[in-house]
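Data block below; observations after.
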Amino acid sequence: MEKWRRVVGRVAGTPDSGVPGLPFLHRALLLPLLFAASKALRLLSHLQRRTSTSTSLPVPVVSVGNLTWGGNGKTPMVDFLARAFHRIGVSPLILTRGYAGGDESRMLRRRLSDTSAKIGVGPNRAAVATSMLRKYGAQIGVAILDDGMQHLSLLRDVDIVIINALNPWGNKHLIPRGPMREPLTALTRAHILLIHHANLVSQPQLKTILSTVHDNGATCPVFFSKLVPSHIFQVNQPMHRLPLHVLHGIIVLCVSAIGCPDAFIHSVQEIGPLKIERLDFSDHHSFSSHDLQLIQDTLKKLVYQHKNNAVVLVTEKDYDRDPDVLRALDAKVWVLSSCLQIIPHEGQGDDEFMRKDWSINSILVAEYALLI
């Protein structure tokens with residue numbers, strides 16, 4: 001299954017200019033199927049948007065979403081918002097689908113355990129929200145809709161759309177021929193655009209992204225963000241924080257099954273280990289016994305080659321997907337914990353982001369202006 005995912009992912013990520021370089025069978029069989037499925041998705045999305053009905057909640061709803069598949073920073077943004085609302089005395093309800101084993105929901109539950117945030121998990125987020133609001137009532141002041149841009153069953157007051165600066169639109173084809181969930185013109189629905197991993201690309205690349213945004217009719221405020229490592233913890237001691245400098249002078253095998261592994265590698269490089277090797281798996285992949293053996297063998301090889309200590313380093317999502325599997329490794333396994341930060345730009349930072357978020361809707365301003 002993992003091999004098939006990699007093949008489909010490679011073909012789906014190929015730009016039109018690179019199609020002639022694909023193997024014949026991929027061009028002759030797989031590519032036409034992906035094109036046909038993309039056209040069907042476009043039609044289905046159009047019909048859903050025209051015929052769907054949306055539920056209104058009795059609390060403000062902030063949606064965090066994106067136009068492309070995976071690796072855009074939605075979960076760190078949800079974590080950022082939940083903490084920001086908690087700090088100003090507004091208890092958030094996070095509504096998440098629990099996709100592919102629910103690594104995001106488990107990660108949020110662990111990270112936000114010291115806040116007033118409540119987490120509701122389920123594909124029917126309108127029903128989950130209704131149930132949670134019935135249970136907690138006035139304790140909840142705002143709902144955060146995780147991965148909500150294409151979730152039409154709930155009305156929202158604010159739409160935050162995240163763009164991955166490392167791969168903003170892919171080949172611009174819809175899923176499954178490309179990574180796009182909707183056409184670029186859907187950017188006009190955004191109230192706030194956040195360009196994530198903005199620190200990992202050049203200024204000309206950021207200008208190109210902004211140009212594409214404006215060319216497709218988006219006129220909302222644009223902010224920039226980055227993922228900043230905060231500490232490390234061992235898989236057997238998640239509450240015991242280790243400083244980042246424990247990676248200095250050792251060999252690190254970065255193992256990840258996330259949407260944007262390059263960003264993970266860059267974060268580790270910034271910390272400064274002696275050497276970095278990597279094993280990348282497809283997004284949300286659950287590690288099998290074969291995968292664990294591959295990790296084990298790769299680590300032993302690194303230790304033998306370099307005659308130095310080596311550790312396995314994973315992301316928080318990989319840890320929360322199945323910590324018991326990682327504990328089964330006969331190796332030192334550490335987890336890199338990171339948080340999203342708004343990059344100050346033209347006088348705009350964290351505070352301005354939250355003010356802009358709330359000022360979009362007069363109801364929110366009237367209710368919470370004193371808190372901000």
Side-chain angles (χ1 to χ4, degrees), residues 55 57 59 61-66 68-86 90-136 139-154 156 159-162 164 181 194 196 227 230 233 235 238-239 256-260 263-264 281-287 314-327 335-340:
T55 300
L57 297 183
V59 296
V61 176
V62 179
S63 167
V64 177
N66 57 293
T68 57
W69 179 265
N72 293 278
K74 294 186 298 294
T75 306
M77 182 75 251
V78 169
D79 178 89
F80 173 92
L81 287 172
R83 290 190 174 279
F85 287 131
H86 170 76
V90 179
S91 297
L93 166 62
I94 298 171
L95 299 170
T96 181
R97 179 179 178 179
Y99 176 80
D103 47 9
E104 287 104 339
S105 59
R106 284 196 288 269
M107 174 179 163
L108 289 167
R109 202 180 300 277
R110 176 180 56 81
R111 285 182 59 96
L112 296 172
S113 61
D114 60 340
T115 73
S116 58
K118 309 289 189 299
I119 300 177
V121 182
N124 188 340
R125 280 169 275 183
V128 171
T130 300
S131 174
M132 296 288 283
L133 286 165
R134 188 181 300 119
K135 180 178 180 180
Y136 294 104
Q139 294 180 47
I140 294 173
V142 63
I144 303 173
L145 184 57
D146 179 29
D147 197 8
M149 189 175 185
Q150 290 78 33
H151 190 75
L152 307 178
S153 69
L154 277 179
R156 68 287 314 275
D159 251 317
I160 300 173
V161 177
I162 303 179
N164 180 2
R181 293 172 163 186
L194 183 75
H196 190 46
L227 206 56
S230 58
F233 63 86
V235 292
M239 303 307 294
S256 66
I258 56 176
C260 191
F264 173 45
F281 297 85
S282 59
D283 196 12
H284 297 290
H285 175 71
S286 294
F287 298 128
V314 301
T315 71
E316 288 182 277
K317 278 193 178 182
D318 297 305
Y319 167 77
D320 286 304
R321 191 176 301 119
D322 195 342
D324 290 336
V325 167
L326 294 174
R327 293 187 187 113
V335 185
L336 179 64
S337 182
S338 303
C339 59
L340 183 144

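The structure presented is a predicted model; accordingly, all values stated were derived computationally and were not measured.
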Closest heavy-atom contact between [X] and [Y]?
X      : Y      : result
Ser105 : Ile119 : O-CD1, 4.2 Å
Leu154 : Leu145 : CD1-CD1, 4.1 Å
Lys74  : Val64  : O-CG1, 3.9 Å
Pro238 : Phe233 : CA-CD1, 3.4 Å
Leu57  : Ala143 : CD1-CB, 4.1 Å
Ile162 : Gly73  : CD1-O, 3.6 Å

Atom pair [atom1]/[atom2] of [X] and [Y] - distance to nearest 0.5 Å:
X      : Y      : atom1 : atom2 : result
Ile144 : Leu108 : CD1   : CG    : 9.0 Å
Lys317 : Asp103 : NZ    : CG    : 6.0 Å
Asp79  : Ile94  : CG    : CD1   : 7.5 Å
Arg321 : Ile258 : CZ    : CD1   : 8.5 Å
Thr96  : His151 : OG1   : NE2   : 10.5 Å
Leu326 : Tyr319 : CG    : OH    : 9.0 Å

Could you tell me whether the side chain of [X] and the main chain of [Y] form a donor-acceptor pair under 3.5 Å?
X      : Y      : answer
Ser131 : Val128 : no
Ser91  : Gln139 : yes
Ser116 : His86  : no
Arg125 : Ser153 : no
Arg181 : Trp69  : no
His196 : Asn72  : no
Asp283 : Gly259 : yes

- Task: Consider only side-chain N and O atoms of His284 and Ser282, and report whether a donor and an acceptor are under 3.5 Å apart.
- Result: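 No, Ser282 and His284 have no side-chain donor paired with an acceptor closer than 3.5 Å.
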
- Item | Modelled atom types, side-chain donor and acceptor of Asp318 and Ser256, under 3.5 Å |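 No pair is found: no donor N or O on one side chain lies under 3.5 Å from an acceptor on the other.
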
Quick one: are [X] and [Y] in side-chain contact, heavy atoms under 4.5 Å?
X      : Y      : result
Ser63  : Asp159 : yes
Arg83  : Asp114 : yes
Asp322 : Phe287 : no

- For the side chain to side chain contact (heavy atoms under 4.5 Å, CB included) test, which of Asp146, Leu340, Ile160 pairs with Leu81?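 So the option named by the test is Ile160.
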
- Please assess Asp147 against Arg97 for the test side-chain contact (heavy atoms from CB on, under 4.5 Å), listing each intermediate value before the final yes or no. CA-CA 8 Å; Asp147 197 8; Arg97 179 179 178 179; over 6 Å; no

- Run the numbers on Lys118 and Leu133 for side-chain contact (heavy atoms from CB on, under 4.5 Å), then give the verdict. CA-CA 10 Å; Lys118 309 289 189 299; Leu133 286 165; over 6 Å; no

- Check step by step if side-chain contact (heavy atoms from CB on, under 4.5 Å) holds for Val59 and Val142. CA-CA 5 Å; Val59 296; Val142 63; 5.7 Å; no

- In terms of heavy-atom contacts, does CZ of Arg111 have more than 12 from other residues, nucleotides or ligands at under 6.0 Å?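 Yes.
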
- Message: Once you measure the plane-to-plane angle for Phe281 and His285, does it fall in the parallel (<30°), tilted (30-60°) or perpendicular (>60°) bin?
- Response: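 Answer is parallel, since the angle falls under 30°.
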
- Does the pair Thr115 and Phe85 meet the rule for a side-chain contact (heavy atoms from CB on, under 4.5 Å), with working shown? CA-CA 10 Å; Thr115 73; Phe85 287 131; over 6 Å; no

